[in-house]
Student: 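Please read through the structure below; I'll follow up with questions.
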Amino acid sequence: MTGSDEDPRVAGLRTAVARLRRELALHPAQFPDRSIAEDELAAMTAMAAGGAPETRRLRRSLLLIAGSIGSVSALSRGLEEVRDAVDLFGTPRA
């Protein structure tokens, strides 16, 4: 989808993930699980590129990112934006 046909939730997710990826790339500290966060952000980017992503997979990625970033306060705002974007997809179906 392009332009006005695009789901605004997907566009918001793509924007939030891209922002957090940039912030993480620029963050000077190396922490043990940084590669997990980078991998999951790449996975979220791919999911957003494919249209409406699966909610369960989004939430799993979000949990892994949050766990791997831990208490890096400089990334907390970007992580919050990603979480808010994921929340727009609602509760996963059983």
Side-chain angles (χ1 to χ4, degrees):
M1 287 186 216
T2 58
S4 63
D5 293 340
E6 184 175 39
D7 183 338
R9 299 174 303 165
V10 174
L13 176 65
R14 189 173 37 254
T15 300
V17 168
R19 183 173 294 128
L20 183 55
R21 285 181 86 177
R22 282 190 308 272
E23 290 173 4
L24 182 59
L26 294 172
H27 196 275
Q30 292 298 323
F31 42 92
D33 296 329
R34 183 179 185 131
S35 64
I36 293 171
E38 291 167 343
D39 291 347
E40 290 303 318
L41 286 166
M44 289 180 111
T45 298
M47 284 186 269
E54 179 186 342
T55 305
R56 285 185 199 271
R57 180 65 177 106
L58 281 177
R59 292 191 183 284
R60 179 184 177 279
S61 289
L62 178 62
L63 286 173
L64 288 169
I65 293 165
S68 63
I69 288 176
S71 62
V72 180
S73 61
L75 301 173
S76 64
R77 181 160 173 87
L79 181 59
E80 181 179 345
E81 290 175 6
V82 171
R83 187 198 74 223
D84 290 345
V86 169
D87 284 348
L88 292 176
F89 287 90
T91 305
R93 294 182 193 150

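In what follows, residues are counted from 1 in the order of the sequence shown. Atoms considered below: every heavy atom in the structure, side chains included; atoms not considered: hydrogens, waters and symmetry mates.
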Student: What residues join L64 in its hydrophobic cluster, counting side-chain heavy atom gaps under 4.5 Å, either direct or through other members?
Tutor: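 When side chains under 4.5 Å apart are linked, the cluster holding L64 also contains I36.
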Student: Please set out all donor-acceptor pairs under 3.5 angstrom arising from side-chain atoms of residues 39-48, sequence neighbours excluded.
Tutor:
| from | atom 1 | to | atom 2 | distance (Å) |
| --- | --- | --- | --- | --- |
| E40 | OE1 | R57 | NH1 | 3.1 |
| E40 | OE1 | S61 | OG | 2.6 |
| T45 | OG1 | R21 | NH1 | 3.0 |
| T45 | OG1 | L41 | O | 3.0 |

Student: Going by salt bridge (Lys or Arg N to Asp or Glu O under 4.0 Å), name the pairs with one or both residues in residues 62-76, residues two or more places apart or in two chains.
Tutor: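 Listed by first then second residue: nothing to list.
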Student: To check you understand the geometry: which heavy-atom pair defines the closest contact between V10 and G51, and what is its length?
Tutor: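 That closest heavy-atom pairing would be CG2-O, 3.7 Å.
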Student: Look at the side-chain heavy atoms of Ile, Leu, Val, Met, Phe, Trp and Tyr, link any pair under 4.5 Å apart, and say whether L88 and I65 land in one connected group.
Tutor: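 No; tracing contacts between hydrophobic side chains, which count when under 4.5 Å, never links both residues.
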Student: Can you name the closest pair of heavy atoms from L13 and P53 and give their distance?
Tutor: CD2-CG, 4.0 Å
Student: CD1/I69 to CG/L20 distance, rounded to the nearest 0.5 angstrom?
Tutor: 4.5 Å
Student: Specify the closest pair of heavy atoms between E23 and A74, including all atoms of both residues, with the distance to one decimal.
Tutor: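 Taking every non-hydrogen atom into account, OE1-O, 4.5 Å.
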Student: Donor-acceptor pairs under 3.5 angstrom involving side-chain atoms of residues 75-87: please list them, not counting sequence neighbours.
Tutor:
| from | atom 1 | to | atom 2 | distance (Å) |
| --- | --- | --- | --- | --- |
| S76 | OG | S73 | O | 2.9 |
| E81 | OE1 | R19 | NH1 | 2.7 |
| D87 | OD1 | R59 | NH1 | 3.3 |

Student: Between G90 and T55, which heavy-atom pair has the shortest distance, and what is it?
Tutor: O-CG2, 3.1 Å
Student: Taking the hydrophobic residues Ile, Leu, Val, Met, Phe, Trp and Tyr, and joining any pair whose side-chain heavy atoms are under 4.5 Å apart, which ones share a cluster with L26?
Tutor: none
Student: Can you hop from L63 to F89 via hydrophobic side chains spaced under 4.5 Å?
Tutor: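 Result: no, two separate clusters.
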Student: Restricting to salt bridge (Lys or Arg N to Asp or Glu O under 4.0 Å), what partner residues turn up for E38, sequence neighbours left out?
Tutor: R34
